[in-house]
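Just below is one structure, and these are the notes that go with it.
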Amino acid sequence: MATKNKKKKVTVIDNPNEQEVLSSSEYSYIGMVWSRFKRHKLATIGLVLLVFMALFAILAPVFELITGYPVEHSSLAVKMSPFSTPGIVAKIIHPDFGNPEKPMGRVDFWFEVTSDNNPEKTGFASVKESIFKNPEYRKFYDFNMKAYGNTNVLLTNDQVVEKPDGSAEIVKGGYSEFFIERARNKKSMLSGQIITYSPTFESVDNSITEVPGGYNGPREIDISEAPMNVFGTDGLGHDVLVRLSYGARMTLMIAFVVVILETLLGIFLGALAGFYGGFIDALIMRILELMMTVPTLPIYMVLSRFMGGGSAIGIIIILAAFGWTGVARMTRGMFLSLRNQEFTEAARAIGASPMRIMFKHLLPNSLAPIIVGITFSIGGVILTESTLSFLGLGVNKILTPTWGGMLDEANKYILDQPWPAVFSGFLIFLTVLAVNFIGDGLRDALDPRLKV
Amino acid sequence: MTSTEVILDIKNLKTYFYTSDGVVAAVDDVSFQLHKGETLGIVGESGCGKSQTMLSVMRLIQEPPGKIVSGEIHFHDENLLKVPLLKMRSLRGAAISMIFQEPMTSLNPVYQVGDQIAESLTLHQGLRGWDWGYRLVSWGLFWKWVFTGFPRETKKRLSRLKVETPAWQRSVELIRLVGIPDPEKRVFNFPHEMSGGMRQRVMIAMAMACNPEILIADEATTALDVTIQAQILELMKDLKRRFGMATVLVTHNLAVVAEMADNILVMYAGKIVEYGTAAQIFRQPMHPYTWGLLHSIPRVDQPKTDQKLPTIEGMVPNPYNLPVGCKFHPRCFKATSVCKEQEPPLEKMADGRQIRCWHRITEGGN
Amino acid sequence: MGNYLFRRFVIFIFLFILVTVLCYFLLRLPGDPYKELELQQPNMKDEIARMREWSGFNDNWFVGYTKWAKKIIFDGDWGKSLYDKQPVWGKIITKIPVTLKIQVSVLILGLLLGIPLGIFSARRHYSLADYAITVFSYIGISVPNFWFGLLLMLLFSVNLGWLPAGWSLRPDYDSLSWIMKILDQARNLVLPVFMGLLGTIASLSRYMRSSMLEVIRQDYVRTARSKGLSETKVIYKHALRNGLIPIVTVMTLVIPSLISGSVVVERIFNINGMGQLLFNSVQSSDIPLAMGTLVMFAFLTLISLILGDVVYALVDPRITYS
Ligand SMILES: Nc1ncnc2c1ncn2[C@@H]1O[C@H](COP(=O)(O)OP(=O)(O)OP(=O)(O)O)[C@@H](O)[C@H]1O
Ligand code: SF4
Ligand SMILES: [Mg+2]
């Protein structure tokens, strides 16, 4: 470890710009950069923010647990304001509601549903338990009986239809978003509380006062104590907080992977161009020029369609494939200016291989500006990825939340409920800001000439 | 040669740099006087504060991080540190001008050197330059070129128009004066089209343009070859004779100092360590540092020996962390315990010499 | 210089051709859209074959490209949209004005505001104003512009109701006097332009600031001061001219970013311009239309690159044209 440090110091001294720094201080180079960085107010703010974001992303499962809303959970309590609870009183009447001998036996649960806001309106919802055991279904509309079964149930389209002979039949329906749309159209948000509009509720709407089949008294289970949606819910009834934290995972993951990939690619190509010059340089520079000339957004659009399915890997590949130009230019510039300096000549004179010279001698000396450039490019990648997601070209936004995708989704009902859009955009903004602040701090810390 | 009229009187000048790594006392309590027609040589190691002292006189300290903390700089009877900026500007380049150390970067790369010389002539001597007219005409010619396409022709016409103005005429003269061949063509050069020596000479021409009372030459001749150097020095001497110009020569080159300077100021770590006439200092350096400086140059007039040249041991002190006591003690061959604890004061001797040392070297011995 | 420009021009033409080839190739990547249709409707084989023939999907991409290019070069025919069968050129021509209006305003206002802001900030280095401008510009470059646009729309058109949320000229627009027409257009332009402006001002002022800071520290600025020039002259004659040189390069990068900007702006404010056209045509694999818009955009980018070269050569005498 000690020898490694020593080595680093030596290579740094090779760079004439850093010489002053070293002689004027007793710390190690890294230690000094850190102490300078700490003194940079904005950078400190940025670092704190970024750590906060990282925690927010890492702790996503914890948020799920605390709030009680799994990420896939989706309820009819759509577009709720922050700090509201789904205000539905739902009571399980009886699992074996109705006459056991009637075909109604298909139904496993019956719910009597009342809205807080309109207690007179009561309806029934029914659902087969088996539905909840179907993992495909659960993936989207997870059923958590204890906590918030009510809202899930309402998503089903099962209807109680009264038959002429006095019996009731359950007509099974699909589970489409159609109902959510309908609920939306009712302008169902009043003072931040949701009134449920279940199809069941509507079709029955007070018309069934007495359920046939011998209603032998409700065995009520009050499940109205649904947990609070701290940041409200989005248009699909997802808890916004939980989705945001999963979105943080995805967005940050994509950004960092892309930046790592493009850095590797950029450094490699830039190093080749800068070190060898001549034909290789010309070739790489022409490719680079081409990449900078083509309008990238349309290309992203085409490629993301081609990659298909909105997979994260596709987005990562696309962004990395077009993102390496900045790093490559920088590396090339540094290598061009360094390759004729004495220490390179010295390394060459003792017979070091080109690869060794490039990556052992030149790279460490050109690292400072590259690091700064990379930091700034993280922000750029996050913005680009979000833009793509916002345009509907990113990762599949229903299955995998990303901030940009959530913003796109929230944009559809932004007039009813602006909060999900505001939150997700704000998080993008904060993260990019944090990264840029850090970049600023790093630049000042790594390049003491600019500090003056 | 030197009159008794003091034109520059610096008292207790302190210029500090406040960086994130600490405070650097680049100029620490420096006082000296400059007389009319005098040539003062300032010598000292790199980083000892020579340039910053002179920049303080011009009030060109980069601020932040630098700041002139205290002191007085009297030019004739005005305190330069107190005069309004407007007044200071009218003095800069006219009464006091400075030749900077870095010839390669001290000229503006996007303007022709003629332009840059003519600029101060226009400003201080009211010579008509070619500013707005130049721009209008060049735009006209540019469009004419775009439509008709005679670039060489237009270039020539443009140059002729330019060089006819009084300020440019004088620029050509000045460039000739500093010994650049073919001045009529060279005025139109951009700095990157000239060699380092030529650029330095352009800088000198610029500084001498308005016949200043004080010329500060910060390593002005370092980049030049010996013949040109001799020419420039001759030129300075000539100006000194003709106009009574006082010169401050900041240099590492003791030979130049020996030839030019009337008085010599030796600086170490932001402070004056020795001051005296050239004769005094060269004949008998009293401060160990000066002694070391003088003995570390090879001499032609003495027989070659196998002995190594004496050098000053050790390194230039870290400006962020200066030693206590005498700043020179880690490298001084005469250092004793008192040197390590107490800083010697700058003592004035009867013959006008000033020395900052507890154990000055007396005649004959060391 | 003429010679130099000519060579750059040739390189750019070459690049331009390469870009169009690349775009065409990429557009064809998703494959033949009629295959699926064929599977779904096996009895419509002839019909589908005819459609495929007409839309050029029966050729491979290279043949398709050459046909497309030939038609443009020799007949000036940009083809027809695959969907509504309208001529591509006519569509583009009608969509260009509004996009240009927005993006040119963004560019001009961005330059007019961003550069002075940068200079100001650099001159007051370390002051509170500089600090504020720095923070502002960091905020500006970090804000996702689509989000900013949405916020603007929420505030100014939904909540306050001052400005239209989309492109909606007054119903009696045609009967207005010219000055009212301009005002009405301006009213519609405010939000979209403002949305693009934030990032542009922020990044330009940041570049300008760092470029000026770099220049102000240079020795030749000190030389200029030592001549006794006034601060205004020092900054605006000696420093600015040098400080603008890197900005020229930045400008050539800003213009391509305005293209993606136009896609986003037009989607958010639902403006029927080139950006929407590009987005929709690419999304629906309307190859002739997509190619047309792409070529337009690539052309603009290349023009800006050439202009950048010329301006660069004009402001920096150190550039040699050999
Ligand atoms: N911008 C600055 N920031 C911090 N310290 C500075 C700055 N400029 C100068 N200094 C410090 O001021 C001291 C004096 O510098 P100065 O330029 O006067 O040296 P010098 O004697 O002219 O040396 P040289 O012979 O190399 O020109 C140095 O120690 C240097 O570290
Ligand atoms: S005071 Fe002491 S250390 Fe300093 S110069 Fe004199 S003898 Fe040397
Ligand atoms: Mg100096």
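We name chains A, B, ... by the order of the sequence lines, and we start the count at 1 in each one.
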T122(B) vs T165(B), side chain to side chain contact (heavy atoms under 4.5 Å, CB included): CA-CA, chis, key distance, verdict: CA-CA 10 Å; T122(B) 314; T165(B) 62; over 6 Å; no
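Listed by sequence position, M206(B) are the residues of residues 206-214 of chain B in contact with chain C, using a 4.5 angstrom heavy-atom cutoff. Using non-hydrogen atoms only and a strict 4.5 Å limit, the part of residues 218-228 of chain C facing chain B consists of D219(C), Y220(C), R222(C), T223(C), R225(C), S226(C), K227(C), G228(C).
Between H192(B) and F190(B), the ring planes are parallel. Angles under 30° get that label, and only those over 60° would be called perpendicular. Between F16(C) and F299(C), the ring planes are perpendicular. Angles over 60° get that label, and only those under 30° would be called parallel.
Using modelled atom types, one side-chain atom of R199(B) and one backbone atom of M104(B) make a donor-acceptor pair closer than 3.5 Å. Remark: the backbone N or O of G118(C) is not paired with any side-chain donor or acceptor of S121(C) at under 3.5 angstrom.
Neither the backbone nor the side chain of E193(B) comes within contact range of chain C, judged by heavy atoms closer than 4.5 Å. Heavy-atom distances place no part of M88(B) under 4.5 Å from chain C, backbone and side chain included. With a 4.5 angstrom heavy-atom cutoff, L123(B) touches chain C only via side-chain atoms. Residue contact with chain C, scored on non-hydrogen atoms closer than 4.5 Å, involves the backbone and the side chain of T105(B) alike. Both the backbone and the side chain of S106(B) come within less than 4.5 Å of a heavy atom in chain C. With a threshold of 4.5 angstrom between heavy atoms, I245(C) approaches chain B through side-chain atoms but not through N, CA, C or O.
A salt bridge links K87(B) to E78(B): one of the charged nitrogens lies within less than 4.0 Å of a carboxylate oxygen. Ion pairing between a basic and an acidic side chain is recognised when a charged N comes within 4.0 Å of a carboxylate O; D130(C) and R123(C) show no such pairing. Looking at K237(C) and E119(B), a side-chain N of the basic residue comes within less than 4.0 Å of a carboxylate O on the acidic one, giving a salt bridge.
A side-chain donor-acceptor contact under 3.5 Å links N108(B) and H238(C).
Residue L85(B) qualifies as enclosed at atom CG: its count of foreign heavy atoms under 6.0 Å is above 12.
Separation of atoms CZ (F120(C)) and OG (S205(C)) is listed at 12.0 Å; rounding is to 0.5 Å.
Residue I68(B) forms a side chain to side chain contact (heavy atoms under 4.5 Å, CB included) with just one option from V27(B), L80(B), L55(B), I61(B), and that option is I61(B).
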